[in-house]
There are 2 protein chains.
Amino acid sequence: MSLDVGARLRSVRTTFALSQRELARRAGVTNGLISLIEQNRVSPSVSSLTKVLDGIPMSLAEFFTLDLSAAPQAFFSSEELVERGDESVSLRLVAAQRPGRQLTLLHERYAAGAATAEEMLTHRGEQGGVVIRGRIEITVGAATRVLGPGEAYYFASQLPHRFRNVGREACEIISARTPPTF
Amino acid sequence: MSLDVGARLRSVRTTFALSQRELARRAGVTNGLISLIEQNRVSPSVSSLTKVLDGIPMSLAEFFTLDLSAAPQAFFSSEELVERGDESVSLRLVAAQRPGRQLTLLHERYAAGAATAEEMLTHRGEQGGVVIRGRIEITVGAATRVLGPGEAYYFASQLPHRFRNVGREACEIISARTPPTF
DNA sequence: CTCATACGTTTAATATCCTAGACGACAAGC
DNA sequence: GCTTGTCGTCTAGGATATTAAACGTATGAG
């Protein structure tokens, strides 16, 4: 972890769109102190750093746990979405699987007649989704059901499951799942 | 969080079966300083606390994260208020928040001109979503962007954020987030 | 242009931290 | 008893953090 408390504070402050003076006002310290800390010209006492972080607000634990290297992208246009799959089944990854990510968000598209696989899938984690267009037949364990727009599902991924588009038009689903933890 | 850095340090030091002098020797500080810190008669600078913890050894993040089991969920009230929904903003809970659930899946609908709140929201976890209809202005930290159908977002919920429908028609989003139980 | 406001930085004076060293208390060994 | 050792605590003084107020720059309004 970076010992650079100054850069860390500056990063946090600017991320929260605060000026040195505004943060100083909220924290009950002077703007000069914040300037000095951010330049690493002083090493703040825990008490003063606590006051500063209270103005954000953020705990010491969060502050020191922060991963500065991760400058995460927050917005994704259609072109930026990673696309996988073939003609029949495509998955657009909203947030690509990265270490630290706790969610995987997908925009799934099933062509007419398409299915995930012949056999049933089973893996760890949980998943859910909402149908936004078309109709899809979902089998989870012993149960099978056809869902239309606005309808949703949620189940533990270790239950054997399969998706199949039984309609005539393409089916689109927005889904989310927990990352594969092994 | 417990501001009692002194008790925290004493607890850690005794857990590692170190005397004040022995820890001071390893850390390159004086035993008197450790005594004063443990009595909360001074608030150590980050630099000296770092030196002390290096003698254990332990990182600042670990030190401040220690035994925070009593972490209250205080920050989630505003979020829960929004979740009830009114005329302008409605959230359909696809997967209700239950113990054990790892995902919360939402179908959000913002009427024209609707917004989550005046102030920015900030809480733990991560969240992402895909716009399926309309246009929405999303502010995350210092960045603001308008997203349309097919576009997406993903960010750590701790960053201050706000959603606002700046268009004329209703906007719908499928979103997922990690549970606020942390 | 001039004024006003906001930004981050710097400086002199003050408050606080930190060190070096001494203190009393307790225990073990001779 | 007297030593020898280690424990945590305390105090004076030098080192450092922090304040209050000024500085220089940039930007927008009249």
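Residue numbers start from 1 in every chain, and the chains themselves are labelled A, B, ... in the order their sequence lines are given, proteins ahead of strands.
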Quick one: [X] [atom1] to [N] [atom2], roughly how many Å, whole number?
X: A:L18; N: C:dA6; atom1: CG; atom2: P; answer: 15 Å
X: A:E22; N: C:dA6; atom1: CD; atom2: P; answer: 11 Å
X: A:R41; N: C:dT11; atom1: CZ; atom2: P; answer: 7 Å
X: A:L36; N: C:dA12; atom1: CG; atom2: C1'; answer: 13 Å
X: A:I34; N: C:dT10; atom1: CD1; atom2: C1'; answer: 16 Å
X: A:R25; N: D:dT19; atom1: CZ; atom2: P; answer: 16 Å
X: B:N40; N: D:dT9; atom1: CG; atom2: P; answer: 12 Å
X: B:R13; N: D:dG8; atom1: CZ; atom2: P; answer: 5 Å

message = Tell me whether the side-chain N/O atoms of A:T30 come closer than 4.0 Å to OP1 or OP2 in D:dT18.
response =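 Result: no.
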* Would you say C:dT9 has OP1 or OP2 under 4.0 Å from some side-chain N or O of A:Q20? ->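 It does, given that an N or O in the side chain of A:Q20 lies less than 4.0 Å from OP1 or OP2 of C:dT9.
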Quick one: label [X] by what it contacts on the DNA or RNA (base, sugar-phosphate, nothing), any heavy atom closer than 4.0 Å.
X: A:V42; result: base
X: B:S45; result: sugar-phosphate
X: A:S19; result: sugar-phosphate
X: B:Q39; result: sugar-phosphate

Q. Between B:S47 and B:S35, which is nearer to the 5' end of DNA chain D once each is assigned its nearest nucleotide?
A.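 Nearest-nucleotide comparison on DNA chain D picks B:S35.
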Original post:
If you pin B:N31 and B:P44 to their nearest nucleotides in DNA chain C, which one's is more 5'?
Top reply: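 Result: B:P44.
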Does a side-chain N-to-carboxylate-O contact under 4.0 Å join A:E169 and A:R135?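 Judged by the 4.0 Å cut-off on N to carboxylate O distance, A:E169 and A:R135 do not form a salt bridge.
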Exercise. Tell me, with the steps shown, if B:V52 and B:L23 meet side-chain contact (heavy atoms from CB on, under 4.5 Å).
Key: CA-CA 7 Å; B:V52 170; B:L23 176 55; 4.0 Å; yes
Side chains of B:S47 and B:T50, donor plus acceptor under 3.5 Å: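 No, B:T50 and B:S47 have no side-chain donor paired with an acceptor closer than 3.5 Å.
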Mind listing the closest non-hydrogen atom pair of A:Q20 and A:I34 along with its distance?
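Looking at all heavy atoms of both residues, the shortest contact is O-CD1, 3.6 Å.
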By nearest atom, which of the nucleotides C:dC18, D:dT9, D:dT18 is closest to the B:R10 side chain?
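Of C:dC18, D:dT9, D:dT18, D:dT9 is nearest to the side chain of B:R10.
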*From D:dC7, D:dT19, D:dC23, pick the nucleotide closest to the side chain of A:R21?*
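That would be D:dC23.
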Parallel, tilted or perpendicular: which one describes the rings of B:Y153 and B:F163, with boundaries at 30° and 60°?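 Judged by the thresholds at 30° and 60°, the geometry between B:Y153 and B:F163 is perpendicular.
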